[in-house]
2 protein chains.
Amino acid sequence: MKTQLKKGTLEMCVLALLARADSYAYELVSRLADCMEISEGTVYPLMRRLQAEGWVTTYLVESASGPSRKYYALTATGRQSLAEMQVEWREFVAEVNSVLAPQAASEAAQAKRNNPQGEVE
Amino acid sequence: MKTQLKKGTLEMCVLALLARADSYAYELVSRLADCMEISEGTVYPLMRRLQAEGWVTTYLVESASGPSRKYYALTATGRQSLAEMQVEWREFVAEVNSVLAPQAASEAAQAKRNNPQGEVE
DNA sequence: GACACTACTTTGCATTGCAAGGTACATGGC
DNA sequence: GCCATGTACCTTGCAATGCAAAGTAGTGTC
């Protein structure tokens, strides 16, 4: 079931990590493992998709001990898309929560208004 | 993109609606439309899946004006599964939020502790 | 009967996770 | 040198589950 929940969120999570620091794909897998998991079989096609969208660029860095690393950096377009995804995510979470418990959802909406990062709907 | 976000959540949302009142599939579509959308092509196979899992039972009710309606009712097993799904959903949301903004996520975790419905992790 | 609405159903497709398999490079042990 | 291990990259087949589109059936209205 978790796998299905993840669909649609991993791109955004990867972009969010890259917004904080450039990474190579293998490193992203371990950085993400702290909070959630993404498999290697997923991350490479995913990075390719992000690149095709123009959301990331790549550069190679020689490694002192091992193969060279292909780093990914967020583009301005990618940063913009990440912001839009985050808005969509928040709206989506609110929608689901309003289905699960309409009363609790309105409390969550209040908490969101008090969140400095949040945007008033 | 929204479509992918929805994957994994619709079963839970449908169970949540049924927890509040029995419904027939077509009605579920319109009840859900208030907060989020589910297409007809989705809801019927989904109801079949829920039934196969033993989470819902069905009964037929003659309609005064139109074809008879196939109502779905939540079973005790379904109610249990719904509760488990909700726990998983909350954990998942927290995970994603912690990736998006590690600091804001810890604030959300505090808000969750103050939520009477919440469960302390 | 034709049309619109309600209610149900199926099917093909697109998308995107995962697991498994593989390649290449560097290092260390035998 | 050969093998094992770890790092880093990559591909492929599959499963699952949304959606759109097509269809059927019952009822009411014109």
Side-chain angles (χ1 to χ4, degrees), chain A residues 1-15 22-33 35-53 55-56 58-72 85 88-89 92 95-96 99, chain B residues 1-15 22-33 35-53 55-56 58-72 85 88-89 92 95-96 99:
Chain A
M1 160 114 173
K2 202 69 163 284
T3 296
Q4 304 303 328
L5 284 178
K6 283 191 208 169
K7 288 188 177 177
T9 62
L10 288 185
E11 282 188 1
M12 175 177 66
C13 291
V14 164
L15 289 177
D22 293 0
S23 266
Y24 52 95
Y26 193 77
E27 186 183 44
L28 284 171
V29 171
S30 65
R31 281 175 70 189
L32 260 183
C35 307
M36 67 192 307
E37 313 245 355
I38 179 175
S39 82
E40 288 172 30
T42 296
V43 73
Y44 290 100
L46 189 150
M47 298 318 295
R48 190 159 52 234
R49 290 203 305 268
L50 297 184
Q51 196 171 1
E53 292 284 342
W55 293 337
V56 300
T58 62
Y59 56 95
L60 275 185
V61 174
E62 296 280 349
S63 166
S65 59
S68 59
R69 293 162 169 162
K70 185 175 181 180
Y71 276 79
Y72 293 87
M85 287 181 195
E88 195 175 17
W89 165 251
F92 175 68
E95 283 175 6
V96 173
V99 173
Chain B
M1 160 114 174
K2 202 70 164 284
T3 296
Q4 305 303 329
L5 285 178
K6 285 192 208 169
K7 288 187 175 176
T9 62
L10 288 185
E11 282 188 3
M12 175 177 66
C13 291
V14 165
L15 289 177
D22 294 359
S23 268
Y24 53 95
Y26 193 76
E27 186 184 44
L28 283 171
V29 172
S30 64
R31 281 175 70 189
L32 261 182
C35 307
M36 66 193 306
E37 313 243 356
I38 178 174
S39 83
E40 289 171 27
T42 296
V43 72
Y44 290 100
L46 188 151
M47 298 316 297
R48 192 159 50 234
R49 290 202 307 267
L50 298 183
Q51 196 173 1
E53 291 284 343
W55 294 338
V56 300
T58 62
Y59 56 95
L60 275 186
V61 174
E62 296 280 351
S63 165
S65 60
S68 59
R69 292 161 169 163
K70 184 174 179 181
Y71 276 79
Y72 294 85
M85 287 180 195
E88 195 174 17
W89 165 252
F92 175 69
E95 283 175 5
V96 173
V99 174

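Throughout, protein chains are lettered first and strands after them, A, B, ... in sequence-line order, and every chain is numbered starting at 1. In this text the structure is predicted, and so the values were computed from the model without any measurement.
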Euclidean distance, atom [atom1] of residue [X] to atom [atom2] of [N] [Å, nearest integer]:
X	N	atom1	atom2	value
L32(B)	dG18(D)	CG	P	11 Å
I38(A)	dG17(C)	CD1	P	7 Å
L5(A)	dT16(C)	CG	C1'	14 Å
L10(A)	dG17(C)	CG	C1'	7 Å
M36(A)	dT16(C)	CE	P	15 Å
L28(A)	dG17(C)	CG	C1'	16 Å
Y44(A)	dT12(D)	OH	C1'	16 Å
E53(B)	dT17(D)	CD	P	9 Å

Parallel, tilted or perpendicular for Y59(B) and Y71(B), by the 30°/60° rule? parallel
For the residue pair W89(B) and F92(A), categorise the inter-ring angle as parallel (less than 30°), tilted (30 to 60°) or perpendicular (more than 60°).
perpendicular
**Message:** Quick check: do V56(B) and L15(B) have side-chain heavy atoms less than 4.5 Å from each other?
**Reply:** yes
Below 4.5 Å, heavy atoms only, C-beta onward: do V99(A) and M12(B) meet side chain to side chain? no
So, is [X] near the phosphate of [N], with a side-chain N or O under 4.0 Å from OP1 or OP2?
X	N	value
Y26(B)	dC8(C)	no
R48(A)	dC9(D)	no
R49(A)	dG17(C)	yes
K2(B)	dG18(D)	no
T3(B)	dG18(D)	no

K2(A) side-chain N/O to E88(B) backbone N/O, donor-acceptor pair under 3.5 Å
no
K7(A) side chain vs G8(B) backbone, donor-acceptor pair below 3.5 Å:
no
Regarding dA16(D), can its base be found pairing with the side chain of K7(B) as donor and acceptor, where the two atoms are less than 3.5 Å apart? no
| said: With hydrogens left out and only the distance checked, is there a donor-acceptor pair under 3.5 Å joining K6(A)'s side chain and the base of dT16(C)? | reply: no
Checking dC18(C), dA16(D), dT15(C) against the side chain of Q4(B) (C-beta onward), the nearest is dT15(C)
Counting heavy atoms not belonging to E37(A), are there more than 12 under 6.0 Å from its CD?
no
Protein-nucleotides 21-30 of chain D N/O pairs closer than 3.5 Å?
none

